[in-house]
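Below: one structure, written as structure tokens.
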Amino acid sequence: MPENPLLDATGVAKNYGAVAALRNASLSVLPGEVHALMGANGAGKSTLVKILTGAIHADAGRVLIRGETRDIRSPAAARRAGLLPVYQEPSLIPDLDVLSNLRLTGTPVEPFRAWVRELGIPDLDLRDTARDIPLAVLRVLDLARALAVEPDVLLLDEMTAALPANLAEKVLEVVRRQGDSGRSVIFISHRFVEISALCDRATVLRDGETVGVVDIVPGVEEKIVELMLGARIVKTQMTARPAGQAASTATSRPRLGVRNLCVGTKLQDVSFDLANGEVVGVVALEGQGQDELFAALAGSIRPSGGSIEVDGQPVKFTHPSDAIRAGIAYVPGDRTEALAMQRSVHENIALPFSAALRKWGPIRVHKERTVVASAIARLQIDTRAQGEVQRLSGGNQQKVTIARWIAANARTILCFDATRGIDVGTKQEIYKLLRELAGLDKSVLFYTSELEEVQRVCDRVIVIFGGHVVDIFPVEEADEPALMRAAYGLPRGVTADVGILADPTSKPSTPEAVP
Amino acid sequence: EGKYTIGISNTVQGNGWREEMICAMKAQALASGEVTKLNIAHRNTDAAGQLEDIRNLISAKVNAIVVNPADPAGIKAGLEEATKAGIVVVAVDQAVTEPSAYIISNNQEQYAYLGAKWLFQQMGGKGEVVYMRGAAGASADSDRDKGFKKALAEFPDVKVAQEVFTGWQQDQGKQQILSFLATGAPFNGIWTSGIDNVIVDALVESQAPLVPVVGADNAGFVGQLSSVKGLVGAAVTNPGSIGGAGVTLALQILNGKKPAQQTVLVEPQLWENATEEGKAKLKAAADPSLSPEWPVSISIPDWTTYTKEQIVACKGPGE
Amino acid sequence: MTRFLRNQGWVAGLFALFVLLFVLTKLIQPGYGSGDFGSLVRAVLPYAFAVAAQTVVVIAGGIDLSVAAMMALTSVTAASMMNGASEEYALFVVPFVLAMGLVLGALNGILIVVTRVPDIVVTLATLFVLQGAALLVLGAPGGAAADWLKASIVGTLPIPGLPDNIDAWVPKALVLLVVCLCIIWIPLRRSKLGLSIYAIGSSELAAFRSGVPVARTRIIAYALSGLFAAMGGLALTMSTGIGAPIPGPYLLASVAAVVLGGVALGGGKGGLLGPIVAVFVLRLVRTDLTLLAIDPNVTAIIEGAIMVAVVMFGAFITIRGRPAGAMP
Amino acid sequence: MTSSATMPQPVSFGRRVKRFMADRPLVPLIILLVILVVILQILRPGIVNERWLANTVKFAIPLAILAGCQTMTMLTGGIDLSVGTVATMSAFIMATQIVNQDPAVAFLLAMMPAVLIGLINGIGVGVFRVHPLIMTLGTSLIGTGCLQVYQRTVIASGAKIPDFLNWLGTGLTYGFPNALLLFVPLAVLIVFTLRRTGFGRLLYAVGDNERAARLSGVRYWQVITALYVISSLLAGITGLLYIGLIKAPSLSLAEPLVLPSVAAAVIGGTSIFGGRGGYTGTIIGALILTVLTTLLTILQMPEGARRILFGLIVLFVTAAYLRIVEER
Ligand SMILES: Nc1ncnc2c1ncn2[C@@H]1O[C@H](COP(=O)(O)OP(=O)(O)OP(=O)(O)O)[C@@H](O)[C@H]1O
Ligand SMILES: Nc1ncnc2c1ncn2[C@@H]1O[C@H](COP(=O)(O)OP(=O)(O)OP(=O)(O)O)[C@@H](O)[C@H]1O
Ligand SMILES: [Mg+2]
Ligand SMILES: [Mg+2]
């Protein structure tokens, strides 16, 4: 290699008790490079980022920055060394407003403001308390805060996972420009599209070990998947869903009927049906009312107008338990909202079993164990650190939130970005799982921020914009450009350039960008 | 008919002795017929809190304040302000340092001296004594300590085997004596600062030798002195009805009958069950109908005029 | 923005409650005047400092059970040092005792950081240690205070240019309280350190990741708590002229006022003004109960009920005020 | 994914012991307890005998039950400061009502305030979202006030400790305290509830993440109300047991047990922030505190020094325990 690496880590190891999160990881990043860090859930990516930025201490390993050994003992020290992370979990202080958060980290305000605008959030009030800001925006603010101090190395841990397409795109643009301006970025993502659109090289981790460094060239995805999954090879390209299946469901009585649903000013006059055995996708940009739609269907908030019907009967949900009793389960996008972090995987999955007053008595241990174990197996949850869910990797936590409702055998599942941050292998499993559920006559409402998923799992797609349903697609027509246009509220059939992912000329090495 | 409003300040709540004191004040105020209203500040607090209460009573424009001081010196400023505002101040139970205040008090030092001396005599002037004090840092406790030490000095052969603070709490006292009993250390007598009946219980329960025990005149302990076989002991009076006497004194002063001295001491008596004469006294005093935490001496001759029914009813004027 | 309003709204509501109670007091006792208000402030003084001590650590996400014991220890130390000493000696005693509070508070923080034992246990342990130390300093209430110290909370502060009848409503104790709190709180609130204290209370992990020196900040928060507690101890000595080794009822009172004042016990939220106003409210309630000559046994019931009712009411309006659709 | 958990290098003996203890947090607690007992025996040879053991167990039991209330409430992130008052109330009511009433009626009357206070606590915390500390502090003030009013109405009727409670509280059978007959089933029930029932699981879940529990269909107020009622009932039962042990009804009978009950739960490894802990540790915690009290009683030291030592030992025990249990 001609250039000297900006950051060079070798032999990094980290044990959590009996769990080896990292065993022998290495990573070398050149100046001006966007370097992907890839690996299945639990491979140790986040752990490596945390070690590089001083959030945790490695048991072994050596880190060189510009050729010098640096012992980075705290995030503050990492900052001084020019390393700035955006972690997988938002790290703004929840009870402080944005401005105070900036002051706390000594971030200059004006550059921050400029970045925020650039990243697609024009109307941020710096006096807003972080707690009140939606997760996706928080992630963007985290990034803007890091960008504002012009770091040498930016470490982005699944930065785009929680973002809707429009914001994700802005982020990608910005990241690429970072690389062009001579700064380095370490980029963690499970989305190949992003990797191939953005990165120069990729380091692949498997079970805490660096198993390969590859240049990103067209067609390298197969190789990466092979490296990532080792023995567990999955075919990545899944054919789009066979057309025509969706039509057959229209005849039966709908499982879930939404009639003129309104929630405050966020959601207006939304109507659609969800049939038994159907997977309906929901596509929307950030903050178009999809959060409220799901919360209302889940009984979390009360709609201000309209009605919900289950199996043809009108229902009123005052509490999530009402929805659950009606067989409707909700998987929120934010896993910290769904998981008891200090409890075990088992208890988290079995939680709904005990929820109702009449289930407060003794637990039937044996039965429960079998049910939970099969759900764990079904979602391939990495149970090495199962004693406390908080010790699982982000993706595995996400899986637990779904496994719970598979175990409880819910008839209808409302999935809010359920595959966020899940590795390719498991993603395929989840697609398969959702299709299987549909085959068992269950129904799924599936919001996703990854447009390409729509064609893989859904029968129909509902597009929401500004609180209204603007379009309902059959799956055959729901290719990414069409969805993207609809999501921006553009009428069908008009072509417009909607960004990096839809633009085939932006980078020659993006075979997946346009299906 | 009544013409005075009397304020009362007390800083220990939930203790039988203090409850009796308050009831005596109410009963006496009612019995005297001269009091329209009692204004009672009664809660758990410290000297600073009592200052607050006293000042509130001044704001309420009472004619007299009867106070059981949390600390003699600590409330001086408040009492001074009260006197300046033309309010008669009477301290009961413990002395105060404010010179303008009148004091009618149980003699705490004498209380301890009397009981300890009797105990040491019972022990034959030698041996080991268990010294179960009140609350560490309380002024009544340190006064009693003086009296106890005085008696101890007179009996050079008596040694303190164990000194503990019960905090004037029954459960602590019991646990402490049981722990001590378990050590098997020899002892010949027990002096308590009023946490007495649980001590006798503990001796009986653990079949320990029934050594002489000195306590206060709490109904429970006085009963035990007559009923527990083989128990030799003495109850030293520490009447909670001193509160009633305080009200009487305040009314006398309001009516222009000032006492000769600022301080009137009510001397404690000792009722023991070692002699026939003492037994008779105990029998007369015993009152099983009272709550075991209440001292049996519910009235003080010459100072209180209420009946037993009145103090037990615990009703003040206007209630 | 709404959140900001809501927080300030809570303090404003408390203040309105205080004014209401004040009017009520005037109605009960028409003669209630400036002198009585001075008494109220003097009664508030130790509570206010105890509450300030508690507020700082609660905002930092902790709790300090040793506040009252710390007040007792600093109070007996001051009282026994000043006992029989010259008036000028007190000039040395005051800073010494304040420094002692600061150091002992910092020790609390260091123990929490180093042992990693939950703060509630550490401060419970130091509660006993400080109480024991107080008993060793003074076995029974006693000691003395310099006259100028005692005088410094008695009477009113003549402010030039202010008419006497208004001046009468500015007791020295109030000035002392405001000055002592502001001198520390306002610069703190504006500094990065202050932000850091809020940050570690709000989310320790996020604070750490934002580069906040969590351990140091926590120690400083406890040190400040110790400092305020020492002020409370001095206030006790100033008002009573003695030191008492048995702690007064300041611990539970401080926690209650902190919550009443709108500071979340989880940390990260609230300010100092709310708890201080809450203390005034609670003390004034006590005054009214005395003025009304309510049966003393009933006063406990009333005080408990008021505390619960105010917090319930607060919770109620927060639930109502939550904007619809704030989920998920 | 695949099994990569195995650690290749041989594990040292020290680490193995540590790992063993970390997996069984009870073991180090018991070891700490034994160490305390050994120290006691060294200081006072011969003290550790059958009688001492029985006494220690007798006094630890009421504390352990109250600490059970704290354990359960702390699992949900709460605390129950009203247990002292509730226990005192049922004890006092039992002792006074038994004079004129049928024992069964007296028992029901005695448990009534417990149920009532528990219900109020539960509704306040669960429905109105009042902070548990304030809520239970408030109800305990209210309870104390009511008890004082009640006391005045029954003062003339005297009091009596029912023989059965006497037998239960102080009696021994084959050297074992009879109180164990009540405690052992109770403890088993609590442990079973926490580990093996839906209700127990919900306590942990609610304390860990209330929103997650809600999304899983858990109705918070139901869990919390049931919890506080159970906690109060346990406190009421403790009161009856305790009056049998102390045999002197007083208006502050069980109050001194409140802070130690919190301490016992925390020493036993229950997190005050919720979601973590269990009852078996709490029981050992209660024993540790009881032995510690004895240890300090028989030490011939000034009271101040004794308290200092108590605080330091509590801190040390908890810190040592954490060190041993904590992996990493
Ligand atoms: N505090 C902890 N205690 C125990 N094990 C832990 C802890 N933190 C992480 N681990 C384990 O370390 C491994 C690596 O986790 P890490 O978060 O680095 O994965 P990741 O590659 O970021 O995965 P994902 O893509 O799912 O986010 C996982 O098996 C996880 O369970
Ligand atoms: N304790 C448990 N252990 C294991 N599995 C359980 C447990 N409780 C419930 N389940 C499973 O969860 C699913 C939902 O159970 P639940 O009893 O909540 O259903 P339901 O909707 O109430 O059904 P029904 O109308 O039959 O009562 C079932 O598949 C059941 O087997
Ligand atoms: Mg990760
Ligand atoms: Mg069922």
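Computed from a predicted model, the values in this text were never measured in an experiment. Throughout, protein chains are lettered first and strands after them, A, B, ... in sequence-line order, and every chain is numbered starting at 1.
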So, taking the atom named [atom1] in [X] and the one named [atom2] in [Y], what distance separates them when rounded to the nearest 0.5 Å?
| X | Y | atom1 | atom2 | value |
| --- | --- | --- | --- | --- |
| R306(D) | Q131(C) | CZ | CD | 13.5 Å |
| I302(C) | I142(D) | CD1 | CD1 | 10.5 Å |
| I313(D) | F128(C) | CD1 | CZ | 12.0 Å |

How close do [X] and [Y] get, counting heavy atoms only, and between which atoms?
| X | Y | answer |
| --- | --- | --- |
| L124(C) | A263(D) | CD2-CB, 3.5 Å |
| L135(C) | G304(D) | CB-CA, 3.8 Å |
| L136(C) | P302(D) | CD2-CB, 4.1 Å |
| A125(C) | G311(D) | CB-O, 3.1 Å |
| V266(D) | P118(C) | CG1-CG, 4.3 Å |
| V121(C) | V314(D) | CG1-CG1, 4.1 Å |

Practice prompt. May I ask you to name which of T144(D), L137(D), L81(D) has the most heavy-atom pairs under 4.5 Å with chain C?
Written response: L137(D)
Worksheet item: With a 4.5 angstrom heavy-atom cut-off, which part of L133(D) approaches chain C: side chain, backbone, both or neither?
Response: side chain
Practice prompt. Could you tell me which of D295(C), I306(C), T126(C), I63(C) has the largest number of non-hydrogen atom pairs under 4.5 Å with chain D?
Written response: D295(C)
Worksheet item: Does the side chain of T318(D) come within less than 4.5 Å of V122(C)'s, by heavy atoms?
Response: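 Side-chain contact under 4.5 Å: no.
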Discussion item. Within the 4.5 Å heavy-atom criterion, are I301(C) and L141(D) side-chain neighbours or not?
Written reply: no
